[in-house]
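Note that the coordinates shown come from a computational prediction; the quantities given were computed from them, not determined experimentally.
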Amino acid sequence: METNAKSLEPVQKIDGLVTPSLLLDRGKLERNINRLADHARKLGVVLRPHMKTAKSIDVARQVFPTEPGPITVSTIAEAEYFADHGYRDMIYAVGLSPASARRASELCRRTGVDLKLLLDTVEQADALADVRKATGVTPSVFIELDCDDHRGGLKPDDPKLIEVADRVVAAGAHLVGVLAHAGESYGLSTPDALVRAAENERSATVRAAEILRARGHACPIVSLGSTPTAHFAENLDGVTELRAGVYMFFDLVQHGVGVCAVDDIAISVLATVVGVKPEKGWVLIDAGWMALSRDRGTASQRVDQGYGLVCDEAGHVLEDVIVSQASQEHGILAIRSGSAKSMPDLRVGARVRILPNHACAMAGQHDFYSVVNGGSPEIDARWERIRGW
């Protein structure tokens, strides 16, 4: 049950929420979770969801309803939070610094968590010796791969791959495998291109594992995934686990890529109309970039969704109405450029829902989810989120 922060009285319906407020549609969440779980099962791999989007134990319990399973995290704070809730098998999927490696190892020492680290340089590998000495913990380590020139990581045929692996072992750490993320898939928009990206991700990652094994490194875990490639992969031979995160909620960027329908997007920000400027074709709402985020990830896609796509209070899309501008605490609703549609009659006090360009960024602006079901005005629950690093 939701609680009004000012009165501490239970809030049972969304019309009692102070806006802006983050909504999560339980039915859509469950549908999205089941879709990828079924796909991973058919492909014969373990699904290791990335909790960087949800950052919530209550969402994690929708993924793992009976007992904690393997997860990915993006901050040590997330790892500590999920460790406190019984999760023991995690990957910290961000290139490590000496300080983060020590903090992670201290967490492992205190709780018995198997928190696997990520690196791609000999300097990071060498630093593990000091971490092991200081904490008494033998770090478990992945080597990060670059499968599509997206960001960090080593190419499978880079001679440094073997050098880094050897230095990990020399530092007294445990090399558990290789990890890749096909981030360039976010720039694609056709099924054929996404299928090719998924196969490129698979073949590059499997090749790196085979190279390491040929040099005496066991490399038991072959981990890959992005939300687009996870859904479009047709063959994951040689892969042991699949990672994805935003798939639980989806967003307008994923819709533009072609991974989901608008109706699959599970989160939105509830906002209130606070002003009308008919001479400009504007409607002002009390949600700016502090509530929606500044992410403009759809700007480079075929359809630019501004700062978010607008729905009515029940979640029905208002065709071609977007948040065209955003200041800190105000958003401006307007008709999309080039559209012949007219602005609907939104009067002061009306409520709207804003769908996110980037679900991770929108959710990251809020401390909790108000859980709803479709267009129902009822609030089912309040689910807290972890924030910070």
Side-chain angles (χ1 to χ4, degrees), residues 36 45 47-53 72-75 91-97 100 116-121 123-124 141-161 164-165 177-209 211-212 221-236 238-247 250-260 293-302 357-361 364:
L36 190 58
V45 294
L47 178 60
R48 183 188 288 273
H50 205 318
M51 299 310 299
K52 67 173 185 173
T53 305
T72 313
V73 297
S74 62
T75 69
I91 297 175
Y92 173 45
V94 175
L96 65 88
S97 68
S100 63
K116 305 168 187 68
L117 307 177
L118 184 66
L119 54 75
D120 64 355
T121 68
E123 291 82 5
Q124 291 167 306
V141 178
F142 281 96
I143 296 178
E144 183 178 12
L145 302 176
D146 175 13
C147 63
D148 57 10
D149 297 313
H150 178 65
R151 52 186 185 198
L154 299 172
K155 296 289 188 182
D157 56 357
D158 190 328
K160 290 181 181 177
L161 179 68
V164 170
V178 291
L179 180 151
H181 169 68
E184 284 298 300
S185 63
Y186 282 63
L188 305 176
S189 60
T190 67
D192 287 347
L194 289 163
V195 169
R196 288 194 298 272
E199 174 55 24
N200 176 70
E201 182 184 39
R202 184 203 70 83
S203 61
T205 310
V206 171
R207 181 182 174 195
I211 290 171
L212 288 170
I221 305 176
V222 180
S223 179
L224 54 71
S226 68
T227 287
T229 54
H231 287 80
F232 280 85
E234 296 179 343
N235 166 31
L236 289 180
V239 173
T240 64
E241 63 178 37
L242 183 65
R243 304 184 327 280
V246 75
Y247 80 97
F250 284 127
D251 54 30
L252 292 166
V253 166
Q254 294 299 322
H255 172 61
V257 171
V259 184
C260 69
S293 90
R294 294 193 74 99
D295 195 291
R296 293 279 286 106
T298 61
S300 60
Q301 294 184 326
R302 184 178 60 84
N357 279 320
H358 186 176
C360 310

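Remark: side-chain polar atoms of N357 are paired, donor with acceptor, to backbone N or O of D295 under 3.5 angstrom. No side-chain donor-acceptor contact under 3.5 Å links R243 to the backbone of A230. Although no hydrogens or angles enter the test, the distance criterion places a donor-acceptor pair under 3.5 Å between the side chain of T240 and the main chain of V222. A donor-acceptor contact shorter than 3.5 Å links the side chain of H181 to the backbone of G225. A donor-acceptor pair is defined here as one N or O able to donate and one able to accept, closer than 3.5 Å; no such pair exists between the side chain of Q254 and the backbone of Y247. D146 places a side-chain N or O within donor-acceptor distance of the main-chain N or O of D148, the cut-off being under 3.5 Å.
Using modelled atom types, one finds no donor on one side chain facing an acceptor on the other under 3.5 Å when comparing T229 with S185. For the residue pair Q301 / T298, no side-chain donor-acceptor distance below 3.5 Å is found, with atom types taken as modelled.
Once rounded to the nearest 0.5 Å, the distance linking OG1 of T72 with OH of Y92 reads 13.0 Å. Distance CD/Q124 to OG/S97: 8.5 Å, rounded to 0.5 Å. In this structure, CD on E201 lies 11.0 Å from CG on L194, to the nearest 0.5 angstrom. The distance from the CZ atom of R296 to the CG atom of L252 is 11.0 Å, given to the nearest 0.5 Å. To the nearest 0.5 Å, atoms CD (E241) and CG (L179) are separated by 7.5 Å. To the nearest 0.5 angstrom, T121 atom OG1 is 7.5 Å from L96 atom CG.
At least one side-chain heavy atom of R207 sits less than 4.5 Å from a side-chain heavy atom of D157. Between L188 and P228, every side-chain heavy-atom pair lies at or beyond the 4.5 Å cut-off. Side-chain contact between K116 and I221: present, with at least one pair of heavy atoms (C-beta onward) separated by less than 4.5 Å. Annotation: side chain of I91 is not in contact with side chain of L118 (no heavy-atom distance under 4.5 Å).
Between F250 and H231, the ring center distance clears the sub-6.0 Å criterion.
Minimum heavy-atom separation, Y186 to S226: CE1-CB, 4.1 Å. Here the shortest heavy-atom pairing between A359 and V246 reads CB-CG2, 3.8 Å. C147 approaches A180 most closely through the heavy-atom pair SG-CB, 4.4 Å. For T205 against S223, the heavy-atom pair with the smallest separation is CG2-O, 4.1 Å. Minimum interatomic distance between A93 and H50 (heavy atoms only, all atoms of both residues): CB-NE2, 4.2 Å. The two residues G297 and V253 make their nearest non-hydrogen contact at C-CG2, 3.7 Å.
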Q) Between I143 and L161, does a side chain to side chain contact (heavy atoms under 4.5 Å, CB included) hold up when you go through it step by step? A) CA-CA 8 Å; I143 296 178; L161 179 68; 3.7 Å; yes

Q. Step by step, would you call L242 with L224 a side chain to side chain contact (heavy atoms under 4.5 Å, CB included)?
A. CA-CA 5 Å; L242 183 65; L224 54 71; 3.8 Å; yes

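Of the charged side-chain nitrogens involved, at least one lies within less than 4.0 Å of a carboxylate oxygen, so that E199 and R202 count as a salt-bridged pair.
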